[in-house]
> 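Can you keep this structure in mind? I'll have questions shortly.
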Amino acid sequence: VVSSRAARWRHPSSFAIRPGARKPARPTADLAMTDPARTARLRALETQLFAMPPVTALALRVVGDDDGRLRLHAPLAPNVNDKGCAFGGSLTSMMTLAGWGLIVLRLAEAGIEAEVYVADSEVRYRAPLYADLEAVAAPAAGESWDDFLDALRSRGRARIAIDAAVTLPEGGVAAESRARYAAIRTG
């Protein structure tokens, strides 16, 4: 659980796609390769995301969750700015939604009903992106799902820091963020 002060910023280099590494999968590619319960949770998350009109405008898709990370994809065309690259608001939205969605998935897996809110965030734009948007989110270094879930069960509320990035197809990152999310148990 994160204290009232956000942890010092450190970009998780594991988000960067290094030259020669496998490029991110296309949307829904991983969903067919997972177990039925996981696939159902990912589809439910996608449905929940699409219930928000701004998310529909992004045209995003849940790619999958693996290695404790949630991956989202959105085409460049509906997210382009006047310079022909990805709009900064779309980059921020993708990272925020990836973090939010990751927490929603973990809560569903734990059988806990809760509302999830972004409490604060810090965003850094590193490079223009002239390709589709691929966002990945994972707990920040030092964060623990067990601690987060235990706090939520015992106190009815908890916070966790999530690191997210939108990657460049040739490697590196277009944008990165660290956000603290709050969850309040409802059930």
> Do the side chains of Ile103 and Phe148 get nearer than 4.5 Å, heavy atoms only?
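Heavy-atom side-chain distance check passes, below 4.5 Å.
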> Strictly below 4.0 Å, N to O, side chains only: are Asp65 and Arg71 in salt-bridge contact?
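Salt bridge: no.
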> If only atom types and distance count, is the side chain of Glu46 paired as donor or acceptor with the main-chain N or O of Val62 below 3.5 Å?
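Present.
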> Name all residues meeting the side-chain hydrogen bond (donor to acceptor under 3.5 Å, both in side chains) criterion together with Glu109; count only those two or more places apart in sequence or in a different chain, and write none if there are none.
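If we apply the side-chain hydrogen bond (donor to acceptor under 3.5 Å, both in side chains) test to Glu109, skipping adjacent residues, the hits are Arg106.
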> Got a donor-acceptor contact below 3.5 angstrom from the Ser177 side chain to the Ala179 backbone?
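No; zero donor-acceptor contacts below 3.5 Å.
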> Examine Val118 and Met52 and state if one hydrophobic cluster contains both, with Ile, Leu, Val, Met, Phe, Trp and Tyr joined whenever side-chain heavy atoms are less than 4.5 Å apart.
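Yes.
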> Spell out, as yes or no, whether a donor-acceptor pair under 3.5 Å connects the side chain of Asp132 to the backbone of Leu76.
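It does hold such a pair.
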> Find out whether Leu58 and Leu133 are in side-chain contact, i.e. whether some heavy atom of one side chain is under 4.5 Å from a heavy atom of the other.
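They are not in contact (no side-chain heavy atoms under 4.5 Å apart), so the answer is no.
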> Is a side-chain donor or acceptor of Asn81 paired with a backbone partner of Lys83 at a separation under 3.5 angstrom?
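Present.
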> Please tabulate, for the side chains in residues 84-98, all donor-acceptor contacts under 3.5 angstrom to protein atoms that are two or more places apart in sequence or on a different chain.
| residue | atom | partner | partner atom | Å |
| --- | --- | --- | --- | --- |
| Ser90 | OG | Asn79 | OD1 | 2.9 |
| Thr92 | OG1 | Gly88 | O | 3.2 |
| Thr92 | OG1 | Tyr125 | OH | 2.5 |
| Ser93 | OG | Gly89 | O | 2.8 |
| Thr96 | OG1 | Thr92 | O | 2.9 |

> I'd like to know if the side chain of Thr56 reaches the main chain of Phe50, judged simply by a donor and an acceptor atom lying under 3.5 Å from each other, with no hydrogens or angles considered.
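Such a contact is found between Thr56 side chain and Phe50 backbone.
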> I'd like to check Arg180 versus Tyr117 (side-chain heavy atoms, cut-off strictly below 4.5 Å). Are they in contact?
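No; the side chains remain at least 4.5 Å from each other.
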> Can you tell me how far the CD1 atom of Ile160 sits from the CD1 atom of Ile162, to the nearest 0.5 Å?
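Going from the CD1 atom of Ile160 to the CD1 atom of Ile162 covers 4.5 Å.
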